[in-house]
Amino acid sequence: MTPPGLPTAMERPHFIGIGGAGMSGIAKILAQRGAKVAGSDARDSETARALRAHGATVHIGHAAAHLAADSTCVVVSSAIRSDNPELARAAELGIPVVHRSDALAGLMDGLRPIAVAGTHGKTTTTSMLAVSLSALGLDPSYAIGGDLDAPGSNAHHGEGDIFVAEADESDRSFHKYTPQVAIILNAELDHHANYASMEEIYESFETFVAKVVPGGTLVVAHGQAGAAEIAARVAGNEGLRVVTYGEEEAADVRITKITPRGLTSEVTVVIDGRMLTFTVSVPGRHYAHNAVAALAAGVALGIPAHNLASALGKYTGVKRRLQLKGEAAGVQVIDSYAHHPTEMSADLEAIRGAAGDSRILVVFQPHLFSRTQELGKEMGQALALADSALVLDIYPAREDPIPGITSEIIIASARAAGADVTAEHEKDAVADVIAGMAKPGDLVLTMGAGDVTDLGPQILARLSS
């Protein structure tokens, strides 16, 4: 089956912030479908260069002149500020402004979408599905919040009839999708600028589930409190099939064993009365659970479980999700996107399981003032799982500073939990500091959703010298 063609509004789209993880994927798929794609980003990047290779025009910096008068729409994300000059120019020219989520929803029309939702694990689970379905020759389309390997590998226009996408709850944009299969990995309080309570989170996820097409399936974690609460709330939804997964006896897809094998795991599940064992090529219990969620979702679309289980072994990780950056002087450097306390603890526990007696040194960069304000204490407690940690200043992303909210909140909490933690205000000094601390056999983990990822290569270079 060939996916639908281009809507008229998407023939000449202009993306503000085209290099972003979500935006670049949509831009790439549109370019592959034949659209004349253009856009701008604050700085040049490998992602921008990859888009140019697909025929897109990418301007560096934001200026009204970058927006062509014949653009059919302007695509924005929630991160784009209202005073952006290209947005103002769009208003002057009367060019429609489309949110990223609406553009992505349009790309799914006529296909069989799988939408992956949850506070944590969306990128990994979406990637696992994309890789395994591709390995089975199904050629799915997909849009992922991170690169699989090379820059620009976060999205693909496939000839098959399946579309796999992350469903982002942070700004409620996942309400735009009408999936055939929805996955809810977990639900916790996060994105504090948009959600004031767990009740608001639950209501938002309920709205998402209500958009599943009649006869569709919800795949939901059995043992995670937030996900289980949502499952209970939607149990009476007419035309919705609910499939639970987890290690609990009552789970529909039951995980009976997770066996760590260095930086991989062997997972055994019982699905439809049959026992299957397969390899997950990333360490840790939470990644094993992600793989089982992907398995259950694929089976819900009619893919044989044993075929999909085997294909899931083809997944070898995604950038920034416990990605091994290299080794120098006997020290391994690994990069983690974890920025919420639950993610931090899960990744540190996974690395601890793989590290044996080796020391774990963490370079942590908090992400967002609002998240630090609400969850800084818990971030500090998570860092106590490391042998030693450097904590950088808060990465602001789209936010303005909040008076009194600094990394010291995290550091004080970590020290109260018995952690060996040091503040480091100069990012350029980190490589030297870590090189002075690290010994052969140690594992260094750069952790956070900001530009802390840039430090891995610097640390490796310093260790090599």
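When a residue number appears, it is its place in the shown sequence, counting from 1. Only heavy atoms go into these numbers, but all of them, side chains included; no hydrogens, no water, no symmetry mates.
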- Residue pair D252 / T244, side-chain donor-acceptor N/O under 3.5 Å: yes
Let me check something: any side-chain donor-acceptor pairs from residues 205-222 under 3.5 Å, sequence neighbours excluded? List them with distances.
{"unit_1": "E206", "atom_1": "OE2", "unit_2": "R233", "atom_2": "NH1", "d": "3.0"}
{"unit_1": "T207", "atom_1": "OG1", "unit_2": "E203", "atom_2": "O", "d": "3.1"}
{"unit_1": "K211", "atom_1": "NZ", "unit_2": "H175", "atom_2": "O", "d": "2.6"}

- Query: So, S71 side chain and L67 main chain: donor-acceptor pair closer than 3.5 Å or not?
  - Reply: no
- Counting only heavy atoms not in E92, do more than 12 fall under 6.0 Å of its CD? yes
- Which is it for L368 and T372 under the side chain to side chain contact (heavy atoms under 4.5 Å, CB included) test, yes or no, and what are the steps along the way? CA-CA 6 Å; L368 299 180; T372 305; 5.8 Å; no
- Please check if the side chain of Q224 supplies one atom and the backbone of A227 the other of a donor-acceptor pair under 3.5 Å. yes
- S24 backbone acceptor or donor facing K28 side chain under 3.5 Å: no
- For atom CG of D83, decide whether the heavy atoms of other residues, nucleotides or ligands shown that lie under 6.0 angstrom number more than 12. yes
- For N154 and A21, indicate whether the former's side chain and the latter's backbone hold a donor-acceptor pair under 3.5 Å. yes
- Message: Quick check against the 3.5 Å criterion: does Q323 have a side-chain atom that pairs as donor or acceptor with the backbone of K325?
- Response: no
- Message: Please check this pair: side chain of E378 against backbone of P341, looking for a donor-acceptor N/O pair closer than 3.5 Å.
- Response: no
- Should the pair D451-K427 be classified as a salt bridge under the 4.0 Å nitrogen-to-oxygen rule? yes
- Query: Which residue pairs pass the ring pair (Phe, Tyr, Trp, His ring centres under 6.0 Å) test when at least one of the two sits in residues 65-85, sequence neighbours left out?
  - Reply: H59-H66
- Task: Check the pair R33, D109 against salt bridge (charged side-chain N to carboxylate O under 4.0 Å, His left out), reporting the backbone distance first and the verdict last.
- Result: CA-CA 14 Å; R33 288 195 184 182; D109 284 347; over 6 Å; no
- Message: Whether the S101 and D168 side chains hold a donor-acceptor pair (N or O, under 3.5 Å, no angle test) is what I'd like checked.
- Response: no
- Item | With sequence neighbours excluded, residues passing ring-ring contact (aromatic ring centres under 6.0 Å, His included) with Y202 | none
- Is R89 salt-bridged to E86, cutoff N-O under 4.0 Å? no
- Message: Counting the benzene-type ring for Trp, do Y287 and H289 have ring centres under 6.0 Å apart?
- Response: no
- Message: Please determine whether side chain to side chain contact (heavy atoms under 4.5 Å, CB included) holds for the pair D190 and T342, giving the CA-CA distance in whole Å, both sets of side-chain angles, and the decisive distance to 0.1 Å.
- Response: CA-CA 11 Å; D190 195 5; T342 301; over 6 Å; no
- Taking only residues two or more places apart in sequence or in another chain, which ones pass ring-ring contact (aromatic ring centres under 6.0 Å, His included) with H156? Y142
- Query: When you check the side-chain N and O atoms of R371 and H367, is any donor under 3.5 Å from an acceptor?
  - Reply: yes
- So, does Q332 use its side chain to make a donor-acceptor pair with the main chain of L324 at under 3.5 Å? no
- Task: Please identify each residue that fulfils ring-ring contact (aromatic ring centres under 6.0 Å, His included) with H120, with sequence neighbours left out.
- Result: H340
- Counting distance only, does the side-chain N/O of E229 pair as donor-acceptor with the main-chain N or O of A225 below 3.5 Å? no
- If you draw a 6.0 Å radius around NZ in K176, do more than 12 non-hydrogen atoms from other residues or ligands fall strictly inside? yes
- Is there a donor-acceptor pair closer than 3.5 Å between any side-chain N or O of N186 and the backbone N or O of T119? yes
- Looking at side-chain heavy atoms only, is the closest gap between S134 and P140 below 4.5 Å? yes
- Task: May I have the step-by-step check of side chain to side chain contact (heavy atoms under 4.5 Å, CB included) for V74 and V76, ending in yes or no?
- Result: CA-CA 7 Å; V74 169; V76 298; 4.1 Å; yes
- Test applied, side-chain contact (heavy atoms from CB on, under 4.5 Å); reference residue, L455; option that passes from D335, L392, L390: L392
- Message: H286: which residues meet the ring-ring contact (aromatic ring centres under 6.0 Å, His included) condition with it, sequence neighbours left out?
- Response: none
- Query: If only atom types and distance count, is the side chain of T279 paired as donor or acceptor with the main-chain N or O of S281 below 3.5 Å?
  - Reply: no
